[in-house]
Protein chains: 2
Amino acid sequence: MKTNALIDFIQDKVRLDAELIETIHSVCHIDSWKKGKLLIRSGKRARHVYLIQKGSARTFYYHDGKEVTSWIYSEGQLVTAWSSFYTGMISSENTELTEDSTVVSISFEQLQLLYKNYPKMQEFGRLMVEEQLVFIDYFYKGFMFMTAKEKYELLLSYFPEVTLRVNLGHIASFLGISQETLSRIRKMPARK
Amino acid sequence: MKTNALIDFIQDKVRLDAELIETIHSVCHIDSWKKGKLLIRSGKRARHVYLIQKGSARTFYYHDGKEVTSWIYSEGQLVTAWSSFYTGMISSENTELTEDSTVVSISFEQLQLLYKNYPKMQEFGRLMVEEQLVFIDYFYKGFMFMTAKEKYELLLSYFPEVTLRVNLGHIASFLGISQETLSRIRKMPARK
DNA sequence: TACTTTTTATGATCTATGTCAAAAATAGAT
DNA sequence: ATCTATTTTTGACATAGATCATAAAAAGTA
């Protein structure tokens with residue numbers, strides 16, 4: 001039976017039969033790209049969602065002329081400019097690979113077809129977004145009252161490797177702190 | 001044909017036939033409660049989702065012994081302690097009415113049954129969460145780099161009446177700023 | 001109307017983190 | 001290996017907003 005990281009990801013939430021697996025297979029693509037590859041550009045619609053099979057990525061936008069990382073992603077996670085993907089409006093974010101990576105992609109249209117034709121996929125769609133919401137909510141809510149150091153440690157606990165592999169500046173802007181402050185935090189003795 | 005605010009809310013996303021409307025009707029309740037009524041208590045599971053037909057509500061938790069408002073809700077919006085509702089884990093948040101209110105409620109179990117038996121409802125469930133995600137993402141992302149005043153003005157532009165009706169302290173903690181700072185902001189000349 | 005409680009305002013500090021500038025370290029390229 | 005560009009570190013200084021303390025105002029209550 002055929003498989004790939006995306007199918008594993010879906011099966012983590014709902015059970016798929018052989019026919020549906022075959023169908024998903026036929027509508028998604030696997031590609032390898034170099035670090036720095038822009039999967040989605042701001043000003044365009046996000047027409048695909050990507051699952052990172054190997055490597056890492058980030059979404060970012062510009063604020064006062066400076067890049068701000070809005071989220072980081074690693075192996076086994078779905079990436080796209082979500083608000084554009086869901087609403088169909090143009091994206092205010094860019095999505096970029098932060099390492100040489102292998103990703104599985106599926107288009108918005110194909111995903112909608114799967115939702116329409118397979119109740120299991122509709123259910124998967126709901127469960128996936130529910131999970132995203134809970135996670136995002138947890139993170140941002142935490143960030144609200146944490147010191148720079150606490151935020152950094154929260155991130156480290158959730159994305160230990162990526163946090164260390166990705167540029168300091170990207171991580172700093174994701175945490176909403178300056179590069180200099182993060183550099184100083186890293187020099188401090190760990191754990192308060 | 002029977003109707004209520006919850007059914008209107010659902011029909012805003014998907015078309016319902018008469019039989020499904022009747023079914024939804026039979027599984028939800030309409031109640032009126034006084035200001036201060038706790039719909040969900042932290043430490044318990046959030047077993048219902050509520051639609052505010054009239055009035056307003058907020059979710060809050062405790063941080064360093066102080067109440068922190070995590071979100072405010074007004075007429076036409078769904079309220080619950082979402083992460084508990086979705087995951088089934090106990091809630092870290094309380095949900096409280098901030099004015100005398102009328103709310104429509106439906107239980108988690110009934111909602112799951114609707115999802116299971118009606119593809120339209122499964123689709124509604126997905127679309128509703130997608131919308132929530134986009135909105136929350138927009139807000140928190142904005143908050144990250146805004147000054148206290150900018151955050152307050154963003155909130156005002158989205159929830160003009162509630163922001164003024166609800167306690168200053170609730171609003172301040174929602175914005176992640178101190179009560180004193182918000183009081184000072186309100187005294188400043190508007191719009192930068 | 002008087003009394004109590006809750007909410008909002010104001011003044012005086014204090015501090016974490018931002019900003020600017022420049023050096024040091026690291027990674028890439030030829 | 002050498003040169004160049006990028007990333008990270010370090011220092012000096014500035015500031016938004018926190019905290020603490022108290023007063024004023026508003027809302028409930030009898």
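Values below: every heavy atom of this structure, side chains too, minus hydrogens, waters and symmetry copies. Values in this document were obtained by computation on a predicted structure and should not be read as measured data.
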Provide, to the nearest angstrom, the distance between the CD1 atom belonging to A/Ile171 and the P atom belonging to D/dT8. 10 Å
Just say parallel, tilted or perpendicular for the rings of B/Phe143 and B/Phe174, cut-offs at 30° and 60°. perpendicular
Round to the nearest Å and state the distance from B/Tyr152 atom OH to C/dT8 atom P. 11 Å
Round to the nearest Å and state the distance from A/Lys149 atom NZ to C/dT17 atom P. 11 Å
Mind calculating the distance between CG (A/Leu182) and C1' (C/dG18) to the nearest angstrom? 14 Å
Between B/Ser183 and C/dT8, is there a contact of a side-chain N or O with OP1 or OP2 at under 4.0 Å? no
Nearest-neighbour nucleotide for the B/Thr147 side chain, D/dC20, D/dG17, D/dT9 considered: D/dG17
Roughly how many Å is it from NZ in B/Lys66 to C1' in D/dT19, rounded to a whole number? 8 Å
Can you check the A/Gln179 CD to D/dT9 P distance for me, whole Å? 9 Å
Can you measure A/Glu99 atom CD to C/dG28 atom P for me and round it to whole angstrom units? 12 Å
Can you figure out which of D/dG17, C/dT17, D/dT9 approaches the side chain of A/Leu168 most closely? D/dT9
Among D/dT10, C/dG18, C/dT10, the one nearest any side-chain atom of A/Lys187 is D/dT10
Distance to the ring centre below 6.0 angstrom and angle to the axis at most 45 degrees; does that hold for B/Lys120 and B/Phe124? no
Test salt bridge (Lys or Arg N to Asp or Glu O under 4.0 Å) applied to A/Glu99 and A/Lys35, A/Arg165, A/Lys54, the passing residue: A/Arg165
Return the value, rounded to whole Å, for the distance between atom CZ of A/Arg165 and atom C1' of D/dT7. 18 Å
Using heavy-atom distances to pick each residue's nearest nucleotide on DNA chain C, tell me which of A/Met146 and A/Glu180 is more 5'. A/Met146
If you assign B/Thr181 and B/Asn167 each to the DNA chain C nucleotide with the nearest heavy atom, which residue ends up on the more 5' nucleotide? B/Asn167
Answer with base, sugar-phosphate or nothing: what part of the nucleic acid does B/Ile177 contact at a heavy-atom distance below 4.0 Å? sugar-phosphate
Are side-chain N/O atoms of B/Ser32 and B/Thr102 paired as donor and acceptor at under 3.5 Å? yes
Could a donor-acceptor pair under 3.5 angstrom be found where the side chain of B/Arg184 meets the base of C/dG11? yes
Side chains of A/Glu161 and A/Ser74 only: does a donor on one sit below 3.5 Å from an acceptor on the other? no
